[in-house]
> 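Structure incoming, see below.
A, B, ... follow the sequence lines: proteins, then strands. Residue 1 opens every chain. Note that the structure is predicted; figures quoted are calculated from it, not measured.
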Number of protein chains: 2
Amino acid sequence: MKEIKTFSIKDDLCPVGFALKVIEGKWKLPILWVLCQNGTLRYNELKKSILGITNMMLTSSLKELEESGIVNRVQYNEIPPRVEYSLTEIGNRLLPVLDEFAKWGQELIGIKKL
Amino acid sequence: MKEIKTFSIKDDLCPVGFALKVIEGKWKLPILWVLCQNGTLRYNELKKSILGITNMMLTSSLKELEESGIVNRVQYNEIPPRVEYSLTEIGNRLLPVLDEFAKWGQELIGIKKL
DNA sequence: CAGCATCCTAACAGATACTG
DNA sequence: CAGTATCTGTTAGGATGCTG
């Protein structure tokens with residue numbers, strides 16, 4: 001009888017699952033994308049550059065990304081208010097990983113077209 | 001005035017988004033994990049090795065993974081029925097990418113503990 | 001043994017309007 | 001300018017029981 005390795009759901013402290021949660025959600029990748037393309041952006045610049053996003057989703061997605069530690073939020077107490085967002089250092093280090101992921105995705109798309 | 005690169009939601013044919021969808025969902029990673037640890041497994045072996053999963057979720061997750069092309073399903077027409085699941089070739093090539101992802105996740109966990 | 005059908009709930013996401 | 005608040009719709013996931 002073969003010995004089967006099990007997986008307990010308690011193990012979802014698994015680093016892959018953890019990393020995945022950080023970028024899951026409809027708007028996280030788009031936000032990361034425009035930030036890595038443009039560097040630092042203000043709230044309204046982000047909003048304009050991500051077509052279709054609402055204030056609610058932009059705000060909550062940014063907050064989660066900030067809490068995850070991959071987006072910086074800098075608030076200037078001016079009138080009118082100014083808030084700038086950018087990728088953190090570890091946020092930037094995610095990019096090459098996503099690139100590998102993209103390559104694999106491309107292969108998969110290629111295979112499915114056969 | 002700076003030129004801002006935009007992101008249209010229509011672009012979600014983006015390979016990263018595509019790849020992400022394939023492994024999203026509560027049970028996909030656990031399934032991939034036990035398959036890569038054990039090689040080929042039968043339906044009930046999978047069920048036993050993933051604690052807490054229901055028949056419905058196992059069935060639908062396996063079907064999606066199969067449709068994505070990263071899991072093989074082989075049905076033997078015997079009595080009692082036997083169905084075996086394993087990773088496809090491209091499914092196996094996902095593993096090193098997930099490994100990179102895991103390393104990044106570990107770093108992030110490390111940073112957040114500081 | 002390997003599943004499918006049905007019903008149910010909770011989390012996610014969108015629309016709209018309002019505020020410091 | 002940079003968000004909140006509220007209300008509503010949609011989808012993911014779960015419980016339970018049944019079938020070839």
> Does B/Lys48 have any salt bridge (charged side-chain N to carboxylate O under 4.0 Å, His left out) partners at least two apart in sequence or in another chain, and if so, which?
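So B/Lys48 forms no salt bridge (charged side-chain N to carboxylate O under 4.0 Å, His left out) with any residue.
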> Take atom CE of A/Met57 and atom P of D/dG9, then tell me their distance rounded to the nearest Å.
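Atom-to-atom, A/Met57 to D/dG9, this comes out as 18 Å.
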> Could you tell me which residues satisfy salt bridge (charged side-chain N to carboxylate O under 4.0 Å, His left out) with A/Lys28, sequence neighbours excluded, listed by chain and number?
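With neighbours one apart ignored, the set is A/Glu64.
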> On DNA chain C, which is the earliest and which the latest nucleotide, 5' to 3', with an atom closer than 4.0 Å to a heavy atom of chain A?
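Range of nucleotides touched by chain A: C/dA13 to C/dG20.
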> Just jot down the salt bridge (charged side-chain N to carboxylate O under 4.0 Å, His left out) partners of A/Lys112, sequence neighbours excluded, or say none.
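For A/Lys112, no residue satisfies salt bridge (charged side-chain N to carboxylate O under 4.0 Å, His left out) once neighbours in sequence are set aside.
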> Can you list the residues that meet the side-chain contact (heavy atoms from CB on, under 4.5 Å) rule with B/Lys113, with sequence neighbours excluded?
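B/Lys113: side-chain contact (heavy atoms from CB on, under 4.5 Å) contacts with B/Ile109.
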> N/O contacts under 3.5 Å, protein versus nucleotides 1-8 of chain D?
unit_1, atom_1, unit_2, atom_2, d
D/dC1, O3', A/Arg42, NH2, 3.1
D/dC1, O3', A/Pro81, O, 2.9
D/dA2, OP1, A/Arg42, NE, 3.0
D/dA2, OP1, A/Arg42, NH2, 3.1
D/dA2, OP1, A/Val83, N, 3.2
D/dA2, OP2, A/Asn44, N, 3.2
D/dG3, OP1, A/Arg73, NH2, 2.6
D/dG3, OP2, A/Tyr85, OH, 2.6
D/dG3, N7, A/Asn55, ND2, 3.3
D/dG3, O6, A/Asn55, ND2, 3.3

> Between the two ends of the helix from C/dC1-D/dG20 to C/dG20-D/dC1, what is the bend in degrees, rounded to 10 degrees, where each end axis spans five pairs?
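Here the local axes at opposite ends form an angle of 60°.
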> What I want to find out is whether B/Glu100 reaches B/Lys103 closely enough, with some N-O distance under 4.0 Å, to be called a salt bridge.
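Yes, this pair counts.
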> List the residues meeting side-chain contact (heavy atoms from CB on, under 4.5 Å) with A/Ser86, not counting sequence neighbours, and say none if there are none.
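Once residues adjacent in sequence are excluded, the partners of A/Ser86 under the side-chain contact (heavy atoms from CB on, under 4.5 Å) criterion are A/Thr40, A/Asn72.
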> With sequence neighbours excluded, tell me which residues meet side-chain contact (heavy atoms from CB on, under 4.5 Å) with A/Glu78.
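For A/Glu78 the side-chain contact (heavy atoms from CB on, under 4.5 Å) partners, ignoring immediate neighbours, are A/Tyr76, A/Arg82.
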> List the residues meeting side-chain contact (heavy atoms from CB on, under 4.5 Å) with B/Val16, not counting sequence neighbours, and say none if there are none.
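side-chain contact (heavy atoms from CB on, under 4.5 Å) check on B/Val16 returns A/Leu29, A/Leu98, A/Phe101, A/Ala102, B/Cys14.
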> To which residues is B/Ile79 joined in a hydrophobic cluster, defined by side-chain heavy-atom contacts under 4.5 Å among Ile, Leu, Val, Met, Phe, Trp and Tyr, whether direct or through other members?
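Other cluster members: none.
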> Considering residues at least two apart in sequence or located in another chain, which fulfil the salt bridge (charged side-chain N to carboxylate O under 4.0 Å, His left out) criterion with A/Glu45?
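Per chain and number, A/Glu45 pairs via salt bridge (charged side-chain N to carboxylate O under 4.0 Å, His left out) with B/Lys2.
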